[in-house]
Amino acid sequence: MTVPEKPVLEGLEAKWTARWEADGTYRFDRSRPRDEVYAIDTPPPTVSGSLHVGHVFSYTHTDVIARFQRMRGMAVFYPMGWDDNGLPTERRVQNYYGVRCDPSLPYDHAFEPPDKPGKQPISVSRPNFIELCVRLTVEDEKVFEHLWRYLGLSIDWSMTYATIAKPAQRISQLMFLRLLQRNLAYQVEAPTLWDVDFKTAVAQAELEDREQPGAYHRLQFHKPGGGTVEIETTRPELLPACVALVAHPDDERYKPLFGTDVVTPIFGARVPVKAHPLADPEKGSGIAMICTFGDVTDVVWWRELKLPVRAIIQPNGTLGAVPWGAPGWESIDAPRAQVAYDQLAGLSAKKAQTAIAELLKQSGDLRGDTRPITHNVKFYEKGDRPLEIVTSRQWFIKTLDFREQLLERGRELQWHPSYMRGRYESWVNGLNGDWCISRQRFFGVPFPVWYPLRADGSIDYEHQLYPDESRLPIDPSTDLPDGYSAAQRGQPNGFIGDPDIMDTWATSSVSPQIVTGWERDPALFARTFPMDLRPQAHDIIRTWLFSTVLRSHLENQSLPWKHAAISGWVLDPDRKKMSKSKGNVVTPLANLEEYGSDGVRYWAARGGPGVDTAFDVGQMKVGRRLAMKVLNASKFALTGGVAAGNVTHPLDRSMLLQLAALVDDATESLNEYEYTRVLDRTEAFFWSFCDNYLELVKSRRYGDMGEAGAASANRALQASLSVLLRLFAPYLPFVTEEVWSWSHDGSIHGAPWPSSAELAGIAGIAGTDTTSAGCLAAAIDVLGEVRRTKSEAKRPLKAMISRAVVRDTPERLAQLEGARADVAAAANIHALLFEPADAFAVSVEFAEVEAVTADPPA
RNA sequence: GGGCGGUUAGCUCAGUUGGUAGAGCACCGGCUUUACACGCCGGCUGUCACAGGUUCGAGCCCUGUACCGCCCACCA
């Protein structure tokens with residue numbers, strides 16, 4: 001037993017992180033059977049800058065659960081991943097090194113980036129670019145790891161993965177090829193959501209609505225026999241791409257027009273008038289123009305009404321050239337159409353809108369003034385301009401066919417909090433297409449596919465070439481398909497690699513397979529899959545959670561994990577979500593250093609599952625104070641005398657009974673992921689323990705009332721402290737470890753979770769001990785009354801009471817009897833008398849001379 | 001348009017199956033007390049958003065409303 005004279009919190013993080021690493025405290029024991037393993041599918045944070053306090057918040061929640069499970073005897077499988085795929089990394093690398101990726105370039109083994117980025121970006125091959133991404137992210141990952149260790153996450157740091165590293169690439173490609181074999185992945189040329197700045201396809205899950213100013217333009221179409229039909233549109237620049245008008249089948253106003261043609265203004269294209277139930281008679285004039293493609297509704301109409309394509313928006317967002325009069329672009333006045341259109345070609349959609357409005361005004365086809373509105377427009381979540389819909393060749397994973405099965409998986413999964421399932425269900429119910437997983441970017445997992453080139457050099461998409469699984473991972477831009485030589489790349493009768501990469505969610509959605517050793521380490525896989533827990537925030541339910549469920553459903557015919565613990569967001573004091581883009585992010589390391597990791601973890605752990613929580617340094621201060629209190633109370637509890645034998649004193653037994661009830665409640669709650677409640681209850685108990693029990697027992701444990709009473713007190717103090725430390729250990733890993741080390745050799749984080757049975761054994765207590773049960777509560781009531789009286793009399797707390805009378809029911813007085821001497825000593829009462837009465841009351845008489853010490857009552 | 005969560009002390013939030021409204025912070029007052037002044041003791045603070053209903057009894061259950069936040073939707 002070595003208790004420091006003056007225990008401090010400073011330096012505990014450095015001391016214990018080093019010790020845990022040296023001792024392998026959190027090393028996963030892979031020899032344990034599946035039912036003794038608790039496996040966590042850690043979210044790999046995006047490595048493109050710095051961690052913020054939101055990460056600290058949610059990762060702490062996971063760590064509390066991990067530590068609880070470990071103490072319950074589970075082998076905790078708790079790896080850490082880094083998500084270095086994707087656009088954020090790509091942009092960062094471009095700026096950091098001053099390079100640009102050109103996938104057509106060959107790999108340069110000797111390439112070194114300049115010390116400082118030049119003005120003109122240097123073009124590099126995709127493998128070179130990826131090397132630079134890896135080089136930069138390795139540095140970022142070191143910073144992240146340092147912060148995680150400092151925070152005290154009980155991760156097994158021998159098990160880290162990066163989503164761009166070869167093992168993860170291999171799994172991504174392997175799972176993709178397996179889907180291809182089963183026709184669950186496919187390639188098709190079709191209208192796709194498209195970001196015109198990034199020039200890539202994006203998925204439905206990456207959409208967000210943004211309120212934008214817009215304007216209704218009322219345009220007139222001409223009936224061949226004379227007369228006009230008026231439509232309203234917010235996108236008049238798509239008029240050249242108009243392929244039909246559409247109204248509701250029951251709309252009497254337009255019924256006569258169904259089956260007839262009308263002519264577009266200015267461009268003179270004949271387009272049919274169609275009926276479709278999606279057309280809303282209430283909207284605009286009740287009849288709409290269908291363009292290829294203005295929005296997703298256009299795609300639905302185009303597909304269901306079997307309309308032709310007139311595409312004008314190019315991948316870069318400008319209007320492309322159109323040969324009016326040529327097949328597909330027929331016009332009743334092609335020269336006029338051409339003259340008008342040539343004024344639009346090359347303009348961005350936004351500028352084209354202004355230009356065409358002017359043309360329509362001149363021709364008289366713009367009816368009335370435009371009506372400004374604000375409406376929701378779909379954006380790529382990382383994009384700056386509205387999405388367009390562009391026809392392109394993309395890879396998809398089938399999802400629509402599995403909607404019902406995915407809903408069933410959602411019901412099978414245990415959600416914490418349970419209402420988060422609703423988010424998942426509404427997303428699955430709202431799916432409107434298969435999942436587009438190809439991106440026209442560079443930094444990510446490439447598709448392991450090549451295409452033969454025909455004699456004329458055109459690409460033969462029908463006869464795709466795949467690598468043998470044993471070769472994975474491959475990069476088709478540098479690796480060769482079997483039977484071809486490097487010289488044949490890009491040549492007629494040769495081959496070409498698929499230029500695209502997988503969406504970042506397509507690779508992170510296989511995180512369970514990556515970490516559990518699917519198709520790599522069968523013994524590990526058998527012990528860890530399906531995993532136990534997916535912790536994540538609620539904003540990525542539709543992306544990461546959904547896609548992970550989908551992939552495991554398709555590949556493993558199971559859920560990837562049993563539980564999903566959904567954490568909330570950290571809000572700034574104005575109740576806004578903290579995020580980098582809003583510039584209100586707090587860098588967490590400074591908080592960790594100021595309040596201690598335990599203090600910050602305390603704040604984080606008070607945010608319950610799914611609950612958005614305000615950033616609050618006040619709570620961190622409270623957490624730090626609690627840690628300090630643990631140090632000092634422990635010092636007191638451990639520096640007593642002999643602690644032999646059983647706990648015999650009623651007050652001690654009473655305290656231990658209450659503690660036993662707390663332990664049962666804590667165990668049950670933590671099993672249900674209710675970590676907030678457990679911290680709350682444990683803290684409340686601990687504070688009362690310090691303020692009341694320690695004060696009550698102080699005199700006796702110093703031996704003022706004999707050896708037996710002291711031994712009981714000391715035994716109770718040690719037992720209760722041991723239990724309290726272990727209850728706090730998941731939350732305050734540093735201070736509890738420090739205190740534990742004063743009297744133990746091993747780590748508290750490997751100690752068994754406390755049980756009420758353990759306490760019963762020490763104290764010889766049982767639930768039927770009703771007299772002891774109420775003893776502590778009764779003693780606290782009396783102590784409180786005396787304290788209040790002294791405070792109101794503005795006397796010192798040590799002021800002596802010559803005579804105090806407690807009036808209470810006989811039952812309560814019987815309970816109090818056991819603590820009579822303790823109460824008298826703690827309150828400094830010379831003569832403590834009991835009188836039976838109906839209601840509780842305490843009357844006191846102050847002693848004339850305050851220096852007199854109390855005689856120990858007989 | 002559909003759905004979810006929230007509304008409790010000045011602030012941040014607890015409140016198990018319905019049974020006398022709680023904690024911390026803040027504020028006020030007191031205390032050199034041998035675990036802790038990074039401390040201790042005490043005090044003040046409420047139309048539990050609103051309106052109905054069920055019940056002996058509602059912060060909690062039911063119906064409706066308002067506001068805040070979020071999710072989803074084929075928002076010409």
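Residue numbers begin at 1 in each chain, while the letters A, B, ... track the order of the sequences. These numbers come from the heavy atoms of this one structure, side chains and all, not from hydrogens, waters or symmetry mates.
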Taking only side-chain nitrogens and oxygens of A/K698, does any of them come within less than 4.0 Å of OP1 or OP2 of B/A35?
-> yes
B/C36 phosphate, OP1 or OP2, under 4.0 Å from A/K629 side-chain N/O | no
Length of the NZ-C1' vector between A/K798 and B/G39, whole Å = 16 Å
Sugar-phosphate only, base, or nothing, as touched by A/K283 at under 4.0 Å among non-hydrogen atoms | base
In whole angstrom, give me the gap between the P atoms of B/U20 and B/C48.
-> 16 Å
Taking atom P in both B/G24 and B/A9, compute the distance separating them and give it to the nearest angstrom.
-> 16 Å
Side-chain N,O (A/R542) to OP1/OP2 (B/C72) below 4.0 Å = yes
Whole Å only: how far is the NZ atom of A/K274 from the P atom of B/C74?
-> 23 Å
The residue, A/H375 or A/M628, whose nearest nucleotide of RNA chain B is more 5′ is A/M628
Partner of B/G69 under the Watson-Crick or G-U wobble criteria, both distances under 3.5 Å, comes out as B/C4
Taking atom P in both B/C40 and B/U8, compute the distance separating them and give it to the nearest angstrom.
-> 29 Å
Report yes or no: is the cationic atom of A/R385 (NZ for Lys, CZ for Arg) under 6.0 Å from the centre of the six-membered ring of A/F379, at an angle within 45° of the ring normal?
-> no
Roughly how many Å is it from CZ in A/F636 to P in B/U34, rounded to a whole number?
-> 12 Å
How are the rings of A/Y693 and A/F689 set relative to one another: parallel (under 30°), tilted (30 to 60°) or perpendicular (over 60°)?
-> parallel
How many angstroms lie between CG in A/L727 and CZ in A/R681, if you round to the nearest 0.5 Å?
-> 13.0 Å
Identify whether any heavy atom of A/A684 sits under 4.0 Å from a base atom; if not, whether one sits that close to sugar-phosphate; answer base, sugar-phosphate or nothing.
-> nothing
Heavy atoms under 4.0 Å, any strand shown: does A/G430 hit a base, just sugar-phosphate, or nothing?
-> sugar-phosphate
With the side chain of A/A288 defined as its heavy atoms from C-beta on, choose the nearest nucleotide among B/A76, B/G29, B/C4.
-> B/A76
When the nearest nucleotide of RNA chain B is assigned to A/L9 and to A/V246 on a heavy-atom basis, which residue is associated with the more 5' position?
-> A/L9
Between B/U16 atom P and A/L662 atom CG, what is the distance in whole Å?
-> 17 Å
Using the C1' atom on both, measure B/G43 against B/A26 and round to a whole Å.
-> 14 Å
Please state how far atom CH2 in A/W687 lies from atom C1' in B/A35, giving the value in whole angstrom units.
-> 13 Å
Minimum-distance nucleotide to A/A633 side chain [options: B/U12, B/U33, B/A35] = B/A35
Roughly how far apart, to the nearest Å, are B/A21 and B/C60 at atom C1'?
-> 12 Å
The nucleotide from B/C41, B/A76, B/C74 with an atom nearest the side chain of A/D691 is B/C41
Inter-nucleotide P distance (B/C62, B/G3), Å rounded | 16 Å
With sugar-phosphate meaning primed atoms plus P, OP1 and OP2, does A/C690 contact a base, only sugar-phosphate, or nothing at under 4.0 Å between heavy atoms?
-> base
Applying a 3.5 Å limit to both distances, which nucleotide forms a Watson-Crick or G-U wobble pair with B/C50?
-> B/G64
Pair partner, B/C74 [Watson-Crick or wobble, under 3.5 Å] = none
Give me the ring orientation class for A/H538 and A/W569: parallel if the planes are under 30° apart, tilted from 30 to 60°, perpendicular past 60°.
-> tilted
Taking atom C1' in both B/C27 and B/G59, what distance in whole Å separates the two?
-> 26 Å
Below 4.0 angstrom from OP1 or OP2 of B/U16, is there any side-chain N or O of A/R677?
-> no
Of the listed B/U16, B/A35, B/U12, the closest approach to the A/A614 side chain comes from B/U12
On the 0 to 90° scale, with breaks at 30° and 60°, tag the A/W415-A/Y424 ring pair as parallel, tilted or perpendicular.
-> tilted
Less than 3.5 Å between a donor and an acceptor, one on the side chain of A/N632 and one on the base of B/C38, is that the case here?
-> no
Note, A/F728 side chain near A/F686 side chain (heavy atom, < 4.5 Å) | yes
Which of the following nucleotides, B/G42, B/C40, B/A37, is nearest to the side chain of A/S791?
-> B/G42
Ranking B/G43, B/A76, B/A73 by distance to the side chain of A/R788, first place goes to B/G43
State which of B/G24, B/G5, B/U12 makes the closest approach to the side chain of A/D616.
-> B/U12
So what does A/D680 touch, heavy atoms closer than 4.0 Å: a base, only the sugar-phosphate, or nothing?
-> sugar-phosphate
May I ask you to check if A/K698 and A/F636 form a cation-pi contact, with NZ or CZ under 6.0 angstrom from the six-membered ring centre and within 45° of the axis?
-> yes
Does atom CG of A/N671 have more than 12 heavy-atom neighbours from other groups under 6.0 Å away?
-> yes
Touch class at under 4.0 angstrom, heavy-atom based, for A/V296 against every strand present = sugar-phosphate
Assign A/K6 to base, sugar-phosphate, or nothing according to its heavy-atom contacts below 4.0 angstrom with the strands shown.
-> sugar-phosphate
Heavy atoms under 4.0 Å, any strand shown: does A/N429 hit a base, just sugar-phosphate, or nothing?
-> nothing
Let me know the distance between CH2 of A/W742 and P of B/A35, rounded to the nearest Å.
-> 14 Å
Side chain of A/E695 (C-beta onward), nearest among B/C36, B/G24, B/C41 = B/C36
Quantified in whole Å, what is the C1' atom distance between nucleotide B/G2 and nucleotide B/G18?
-> 32 Å
Does NZ or CZ of A/K629 come closer than 6.0 Å to the centre of the six-membered ring of A/W687, within 45° of the ring's axis?
-> yes
Nearest to the side chain of A/R681, which nucleotide is it out of B/C41, B/C36, B/U16?
-> B/U16
Taken to the nearest whole Å, CG/A/L696 to P/B/A35 is 15 Å
To the nearest Å, how far apart are A/W603 CH2 and B/C11 P?
-> 20 Å
The nucleotide from B/G39, B/A73, B/C36 with an atom nearest the side chain of A/R625 is B/G39
Given B/A73, is OP1 or OP2 found less than 4.0 Å from the side-chain N or O atoms of A/Q204?
-> yes
Answer with base, sugar-phosphate or nothing: what part of the nucleic acid does A/D295 contact at a heavy-atom distance below 4.0 Å?
-> sugar-phosphate
